[in-house]
Amino acid sequence: MDASRFAVLLLLASLCGCDAQRFRSLHRTLLLKSPPKPPGASLPPEQRFTQKLDHFNSSDARTWQQRYFVNDTNWQKKGGPVFLNIGGEGPADPAWLVADTEMMINAWKYGALAVMLEHRYYGDSHPTEDLSLPNMRYLSSRQALQDIVSLKAHITQQYGLTEENKWVAFGGSYSGALAAWLRLKHPDTVVGSVATSAPVLAKVDFSEYLEVVNASLATSEKGVTCVKNVANATHTLDPMLMDEDQWEHLSSLFHLKPPLKTMKDAHQLAQLLASNFMGIVQYDKDNFEFEGRKAVATIDSLCVMMCDKWRTPLESYVVVNDFFIREEHIPYLDASFEDEVAFLKRTEWAIAVGVRQWWYQTCTEFGYFQTTDSQNQPFGDMVPLSSFTDVCSLVFNTSTDAINKSIAQTNAYYGGKNIPKKTTNIVFPNGSIDPWHALGITQSISESLPAIYINGTAHCANMYPPSSDDPQGLTDARAEITKLVGMWLKT
């Protein structure tokens, strides 16, 4: 099986910090891009503290060592605040504590102690011997929130903090939701939270994802024609995917190894081809320049490829796929559903890059399955919900009924988009281009629960270093967030 298909994406938390390879799995993650170490800067050393395995079982005394990082170089010890970067579904990268990221710019302004906590089960924070199913029962957002409460107690003792040292949480994507839920469920832990691109609504069938991709593609210079050509390409392709006699040809056309063998493989290929557009839209024009490189493509450049008048729409769809295969330096695509399941069943830490763990959380807490079940998108109808729920069943023995029940329980516990108005000091930045905004808060709930909807920006754009190319709306959003953080610290 081609492991590069499961490499961590650019990773979205995001968590608005991510790796350099695109995620080519059935399941679009939220991971962010990770900033590299700025020239001349030294990274904070890794630290560990003793964490409970199960916060909800008082008779279970088992513990493990959780990883965290601290940058105290600009901390105003007497009364200085603590800014917490909450880790998400990927390794904690201490570069986020030294680069000109949103949190660090605010940390330098307010003289804050900067802390980053790695999420249990991700990166090098291994609570259990392996990732076998019985051991994964301790992986949940609720356990992760309790980990943060314990971290605060540890940091308080380590640095001799008092109530005068106020905490503010920062997170993006999944960890943005954690930031919001931390303030909601543990309001004494932080005085405020910046919950960027936070999908606070759990949803099994996240068909809205591709609806936003559709709308975002339409913002390009060739928007109307681009969307039409994608739709025409999949209109031609979908009947071919349904026809076994076409599978050998399609396997050659899209560089598949092994070739298509089952209808589940055909569904998998349809999603992989759509993911060429999904990933670029999700991170469109986010500021990667500080990494010494530029994004391989933008919405505009994808649409240029899709709008060549000398090619049929399907031929252009093939050209787009060929482009990403070259850019990712992979010799072929693996669309085998059997291979996908086999990979996800592996339980050793050495092979894990967070994919099995994130699938587990989506199967047991969040859903977030990006299907083609909506008619308001151009990617056909070959990615049904069963493409995802079948994985949950085969890998984690989780039935569709159990998935639906667990997602309902998540929304009942956290409230989904119905954040109580009595809750205070959470700001919800979202970008109009980012498909994840469909599950987030895009309209202010109250004066103390504001939403900042940033037109023309993608996933977690405000969390990255500022750029001279930033639209005015993004610059204004960062300024508003800095102002809100200052107000929270005065409360």
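Just the heavy atoms: all of them, side chains too, but no hydrogens, waters or symmetry mates, feed the values below. Throughout, numbering of the chain's residues begins at 1 and tracks the sequence.
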message: Can you classify the ring geometry of W349 versus H126 as parallel (below 30°), tilted (30 to 60°) or perpendicular (above 60°)?
response: parallel
query: Of the options Y368, Y122, F366, which is the one that meets Y174 in a ring-ring contact (aromatic ring centres under 6.0 Å, His included)?
result: F366
task: Report yes if the distance between the aromatic ring centroids of Y360 and Y121 is under 6.0 Å, otherwise no.
output: no
- request: Flag the pair W436 / F206 as yes when their ring centroid distance falls below 6.0 Å, and as no otherwise.
  value: yes
- prompt: When you check the gap from the basic side-chain N to the acidic O, do K152 and D188 get nearer than 4.0 Å?
  reply: no
D469 with K285: basic N within carboxylate O range, under 4.0 Å: no
Can you confirm whether the side chains of [X] and [Y] place a donor and an acceptor under 3.5 Å from each other?
| X | Y | value |
| --- | --- | --- |
| N430 | T442 | no |
| N376 | N214 | no |
| D130 | S132 | yes |
| D401 | S399 | no |

Verdict with supporting geometry, S387 and Q271, side chain to side chain donor-acceptor pair (under 3.5 Å): CA-CA 9 Å; S387 295; Q271 200 281 338; over 6 Å; no
message: Between S448 and T424 (side chain of the first, backbone of the second, donor and acceptor by atom type, cut-off under 3.5 Å), is there such a pair?
response: no
- prompt: Under 6.0 Å from the six-membered ring centre of Y413 and within 45° of its axis: does the NZ or CZ of R142 meet both?
  reply: yes
query: Is it the case that K417 places NZ or CZ above or below the six-membered ring of F428, under 6.0 angstrom from the centre and within 45 degrees of the axis?
result: no
task: Would you indicate whether E221, at its atom CD, is surrounded by more than 12 heavy atoms from other residues, nucleotides or ligands within a distance under 6.0 Å?
output: no
